[in-house]
Amino acid sequence: MRGLERKDFILLAFVTAIALLAPIILNPFPADSPLAQFNAGYPDLMQRFAIYGIFAVGFNILFGLTGYLSFGHAAFLGIGSYAAVWMFKLLTMNVLPAVLLSVLLSGAFALIIGFISLRRSGIYFSILTLAFAQMSYALAYSVLTPITNGETGLQLSLNDPRVLDPVNTSGSLPFPSLFGIKMNAVAEIEALGRVYQFPAGYYFCAVIFLIAFYLSMRIFRSPFGLMLRAVKTNQTRMAYTGLNPRPYTLAAFVISGMYAGLAGGLLAAMDPLAGAERMQWTASGEVVLMTILGGVGTLLGPILGAGFIKYFENIFSKINDNVLHQWFSFLPDGMEDFVVTILHPFVGKGWHLTLGVLFMLVVIFLPGGLIEGFQRIGRLFRRRPKAGKDDPEHHPKPAPHVAE
Amino acid sequence: MGILEIKNVSKSFGGLKALNDVNLSVQENTVHAIIGPNGAGKSTLLNCLVGKLIPDTGSVTFEGKSLLGRKPFEINQLGVSRVFQTPEIFGDLTVLENVMIPCFAKRDGVFRMHALETVLREAEIREKAESVLSDMGMADKLHMHSASLSRGDKRRLEMAMCLAQEPKLLLLDEPTAGMARADTNRTIDLLKDIQASRNITMVIIEHDMHVVFSLAERITVMAQGTPIVEDVPENIKGHPKVQEAYLGGAH
Ligand SMILES: Nc1ncnc2c1ncn2[C@@H]1O[C@H](COP(=O)(O)OP(=O)(O)OP(=O)(O)O)[C@@H](O)[C@H]1O
Ligand SMILES: [Mg+2]
């Protein structure tokens, strides 16, 4: 494809195939099997994979390339959601204008917040972004209630003008759609004795995700991306090479803010609600975790991280004591109760504990993130017969590649 | 009138007068060496030229334009490049990428949003970077991770980065420190070649007298923040004031 080297093209083709076939690939277990609860191929979760994938991919353009760690990117997620819901209220239920406004508005906010925060670097930059996000949260929660509807959150109502849409006579709330295709529509196809569901909303998100991923790939391979990596490694040298690091970092900040806004807009397009809690610092922290967990500065890592966290959030929070008892019913009664008691804090509402443990394990054993784990496994299989005998310590360190 | 004119420049750090009323004129297309004992203020003087430090008093002009108050990247874009005393390179990037960056800076200026082009397809930039690197004798190390280079190679890489910009004025702060004799000689030859083949003015700070006397057309001796002698190399060697500065400075 235009502007991609072979290796990147293969990567893109691979990601595209997975994204488009997700409803099949992510549902390996038949609905009546006890393992069906581990399936991930239902609309709500697949949408979140794509949306948080966009969020993390965008975050990685800032954090992965320039090394500037923002702790406030959820602000842009929230701004994107509010913008989209307002478009649904005022203009039309079509998702395209909504998502467009999300991107533009969060880009404008990112320009202001970035301009100020980027006057500092390192921990001071992180604190500034965090402060801005918490300020946005506080504003959305109380002061700006006329715009954000405060703690209730912004919702659609029957009285909304929706100037471009025909008058709604059905008496029920409309749902976001793309030229008549409702985002909650699902096409069901029966094959191989199973029923597969192809949700419209997911496919809309997936296509946008693929475009976003392709653009991030282009940025990684561009001279602009090279400059961003230069910012990360030595700003002094950059300045004495006749380059001003500031506009480069600001551009990266705005781009990643727009990605976050896009993700926020899509969240609202899938479920037309926007609440202040979407801007909270925990949400900002989550995207940091996703990126680090998957592999900072790699193309695929943030997507893996987003998928990993959203999947386990979903699975572990569904498991309750009853499920645990079922699983361990083969044990003698006393043992069963004991095991369930031990596991109890890690499931259901306590799934963050599990995430914390997984995160620590990854950071300690795979500093390069999950992607490093996959690379190690890949190398085990691909190892050339002779290479095994060489002492790896005596090889010059190969240049780290931003891909893979 | 020289390409670089330094007039009455002073700089203090607290009570320490690192530069004390420095006057220096560097003529176009010459190699001008600055020597002097440790702590004489040589690096501080360079810092005042490239925008890292602002002198307390005095003026610095390059091609008639004042450099004071300009940012480092602006001064660089005027045609002044600097090799640092401790190499400043892009450690995470490959050797080739390190040199491509100054090539982009030369072509595109301080900032350009070239986000949808592809580095690998910038054939001209790449060829230029490769040719500078092969001039430096680093053609076999293009794809090495630059942080893993030897100290001498890091210096050579930094020099390549500066040369890739085709500067009018090249400032070199101890370019051969930490190099083996053979590498030092290679660097001398290389700097001679560059000097012969391009219009370039060099200011070189160096402790190694072999390097200084092989390259310099004029030498300024500094001690305690002030130039004490400036002359052609032949007259510097046995100059009594120079002997005194070095012996006095070295205790
Ligand atoms: N940023 C600074 N803050 C305080 N003092 C400084 C600073 N930079 C330099 N100095 C002091 O100014 C004096 C001159 O330092 P400078 O680095 O210019 O010497 P030099 O001639 O380059 O020495 P060398 O040959 O060791 O590199 C020294 O006494 C040094 O300690
Ligand atoms: Mg010095």
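Numbered from 1 within each chain, the chains take letters A, B, ... in sequence-line order. Note that the structure is predicted; figures quoted are calculated from it, not measured.
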Provide the closest heavy-atom pair for A:Tyr240 versus B:Pro72 in the form atom of the first, atom of the second, distance. CE2-CB, 3.6 Å
Rounding to 0.5 Å, atoms CZ (B:Phe111) and CZ (A:Phe224) come to a distance of 6.0 Å
Between B:Lys52 and chain A, with a heavy-atom cut-off of 4.5 Å, which part of the residue counts as in contact: side chain, backbone, both or neither? both
Using side-chain heavy atoms (C-beta onward) and a distance below 4.5 Å, is B:Val119 in contact with A:Arg221? no
I'd like to know whether CZ of A:Phe109 has more than 12 heavy-atom contacts from other residues, nucleotides or ligands below 6.0 angstrom. no
Within the supplied structure, the quantity of interest is the number of heavy atoms (other residues, nucleotides, ligands) at a distance under 6.0 Å from B:Arg198 CZ; does it exceed 12? yes
Is it true that B:Glu117 and A:Arg218 make a salt bridge, defined as a side-chain N closer than 4.0 Å to a carboxylate O? no
Are more than 12 heavy atoms from other residues, nucleotides or ligands located less than 6.0 Å from atom CZ of A:Phe365? no
Can you find a heavy atom in the side chain of A:Arg237 that is under 4.5 Å from one in the side chain of B:Ile89? no
Okay, A:Ala251 and chain B: the region with an atom under 4.5 Å from a heavy atom over there is side chain
A:Met227 portion near chain B, given a 4.5 angstrom heavy-atom threshold: side chain
Within this structure, what is the CZ-CZ distance for the pair B:Phe73 and A:Arg246, rounded to the nearest 0.5 Å? 9.0 Å
Which atoms form the tightest heavy-atom contact between A:Thr241 and B:Ala105, and what is the distance? O-CB, 3.1 Å
Which pair of heavy atoms, one from A:Ser222 and one from B:Ala115, lies closest together, and at what distance? CB-O, 3.1 Å
Between A:Gly242 and B:Gln165, what is the shortest heavy-atom contact and its length? N-NE2, 4.5 Å
Inspect the surroundings of CG in B:Asn199 and state if more than 12 heavy atoms from other residues, nucleotides or ligands are less than 6.0 Å away. no
Side chains of A:Leu215 and B:Leu116, heavy atoms from C-beta outward: is any pair under 4.5 Å? yes
Selection from B:Val95, B:Asn98, B:Val80, B:Ile101 maximising heavy-atom pairs under 4.5 Å formed with chain A: B:Ile101
Crowded around A:Phe374 CZ? As in, over 12 foreign heavy atoms under 6.0 Å? no
Find out whether A:Glu5 and B:Leu120 are in side-chain contact, i.e. whether some heavy atom of one side chain is under 4.5 Å from a heavy atom of the other. yes
Using modelled atom types and a 3.5 Å cut-off, is there a donor and acceptor pairing between side-chain atoms of A:Tyr248 and backbone atoms of B:Met113? no
Euclidean distance, A:Asn244 CG relative to B:Glu74 CD, rounded to 0.5 Å: 8.0 Å
In terms of heavy-atom contacts, does CD1 of A:Ile10 have more than 12 from other residues, nucleotides or ligands at under 6.0 Å? yes
Which bit of A:Leu228 comes within less than 4.5 Å of chain B, counting heavy atoms only: side chain, backbone, both or neither? neither
Hey, mind stepping through A:Thr233 and B:Leu93 against side-chain contact (heavy atoms from CB on, under 4.5 Å) and telling me if it holds? CA-CA 8 Å; A:Thr233 139; B:Leu93 309 183; 4.1 Å; yes
Counting heavy-atom pairs closer than 4.5 Å to chain A, which one of B:Gln77, B:His114, B:Glu122 comes out on top? B:His114
Roughly how far, to the nearest 0.5 Å, is CG of A:Leu226 from CE of B:Met100? 7.0 Å
Most chain B-contacting option - heavy-atom pairs closer than 4.5 Å, from A:Leu243, A:Thr236, A:Ile255: A:Leu243
